[in-house]
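To start, the structure under review is shown below, and the notes come after it.
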Amino acid sequence: MRVELLCTGVQLMSVISKAIVILDYLVPQGSEKEISVTELSRELDMPVQSVHRILNSLSEHGFVSQNNKTKKYKLGLSIMKYGFLMWDSLMLRSIARPFMEELLRQTKETIYLSARENTEGVYIDCIESPQILRISEPIGLRLPLYIGASNRAILAHMPRSARDTILEQADWSSIPSLKPLSREVIEADLEQTQKLGYAISNGEATDGTTGIGAPIFSFENTVIGSLNCSGPSIRFTPEKIEKYSYFVKKYAEQISKELGYRSLYRVRD
């Protein structure tokens, strides 16, 4: 059994490697490239049957498409989708950094930049507070979109159907939160977040901490991430929460504007 599993794994890696070689060969060099199964087989020194089988699988998932007239293949739209996702992430970090630095200057608390990845929020950048007592979570930390201010700021501005699907699939008896949460509690918080334009959380991911998060939108009018200010709850007095939330929302809006988003809600004076 172990030998069979090992052989299967090796075969799978071989197929994946061949698929990558085919996709790499189809990358346009100045102009769009279309090529037949026979040409690919000859150019890449692969059996025709293998090339045809791999192209069929890639086509099912949109990574290649076939011209109905010529029967030749070219790169599909899924490649473009993943390319845009990577570009969005790189652009988001680059554009957001100066605003993160300004938010740090205004609050003296740790500043996080989060991005949405499927049903989770992921910290993709951070500037730590200069204060001795501070919050320090690692870049790459990921949590469900219903836990923490940085994540609920994203979830609150997603399409209703997508939001409902995430909440329906949650196992509320075993979610990774330090505080007991329920769908009813989260939905009430999401409604409040939509009204205010920012989310607030206390002691959910880390004990004794408060976070304030505001959504970031792309030029496609889609929420792609959030800007977050976090620190020890003892420092987050009502007066400071009011001040910090204003600046978190303000700089999140400015990042969105730099990304090309135009349907901005107005920041309160």
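Treat the numbers as computed from the prediction; the structure is a model and nothing was measured.
Using a distance-only test at 3.5 Å, with no hydrogens or angles considered, no donor-acceptor pair links the side chain of T110 to the main chain of G231. Formation of a donor-acceptor pair under 3.5 Å by the E39 side chain with backbone atoms of S36 is found in this model. Panel note: side chain Q194, backbone A156; a donor-acceptor pair is recorded below 3.5 Å. A donor-acceptor contact shorter than 3.5 Å links the side chain of S256 to the backbone of A252.
When each of R183, K195, R152 is checked for a salt bridge (Lys or Arg N to Asp or Glu O under 4.0 Å) with D189, only R152 meets the rule.
You'll find the side chain of L167 reaches within 4.5 Å of the side chain of W172, heavy atoms only. When side chains are defined from C-beta on, E109 counts as touching P232, because their heavy atoms get closer than 4.5 Å. In this structure the side chain of N67 never reaches within 4.5 angstrom of the side chain of K74, judged on heavy atoms. Contact annotation: the side chain of L113 never approaches that of I111 to less than 4.5 Å [non-hydrogen atoms, C-beta and beyond]. In this structure, Q131 and R235 have side chains that are in contact, with non-hydrogen atoms separated by less than 4.5 Å. Within the 4.5 Å cutoff, the side chain of T107 has no heavy atoms near those of the K243 side chain. Contact annotation: the side chain of T119 never approaches that of P144 to less than 4.5 Å [non-hydrogen atoms, C-beta and beyond]. In this structure, V21 and M46 have side chains that are in contact, with non-hydrogen atoms separated by less than 4.5 Å.
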Given Y261 and N221, is the side-chain contact (heavy atoms from CB on, under 4.5 Å) satisfied, shown in steps? CA-CA 6 Å; Y261 181 64; N221 296 342; 3.1 Å; yes
Criterion side chain to side chain donor-acceptor pair (under 3.5 Å) on S230 and N228, from CA distance to verdict: CA-CA 6 Å; S230 297; N228 186 57; 2.7 Å; yes
Begin with the C-alpha distance, continue with both residues' side-chain angles, and end with the deciding distance and a verdict on side-chain contact (heavy atoms from CB on, under 4.5 Å) for Y146 and V185. CA-CA 10 Å; Y146 43 79; V185 169; over 6 Å; no
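In terms of heavy atoms, G211 sits closest to A149 at O-CB, 3.3 Å. Closest non-hydrogen pair, I241 versus F236, comes out as CD1-O, 3.5 Å. Across every non-hydrogen atom of G121 and N151, the tightest pair is CA-OD1, 3.1 Å. When all heavy atoms of A199 and T193 are compared, the closest pair comes out as CB-OG1, 3.5 Å.
No continuous path of ILVMFWY side-chain contacts below 4.5 Å connects I147 to I135, so the two sit in separate hydrophobic clusters. Two different hydrophobic clusters hold I139 and L103 under the rule that ILVMFWY side chains link at heavy-atom gaps under 4.5 Å. Hydrophobic clustering, with ILVMFWY side chains joined whenever heavy atoms are under 4.5 angstrom apart, keeps L141 apart from I212.
Taking the six-membered ring for Trp and thresholds of 30 and 60 degrees, Y251 and F247 have nearly parallel ring planes, at less than 30 degrees apart. Aromatic ring pairs are classed by plane angle as parallel below 30°, tilted from 30° to 60° and perpendicular above 60°; the pair Y123 and Y112 is parallel.
Comment: E102 engages R105 in a salt bridge, judged by a side-chain N to carboxylate O separation of less than 4.0 angstrom.
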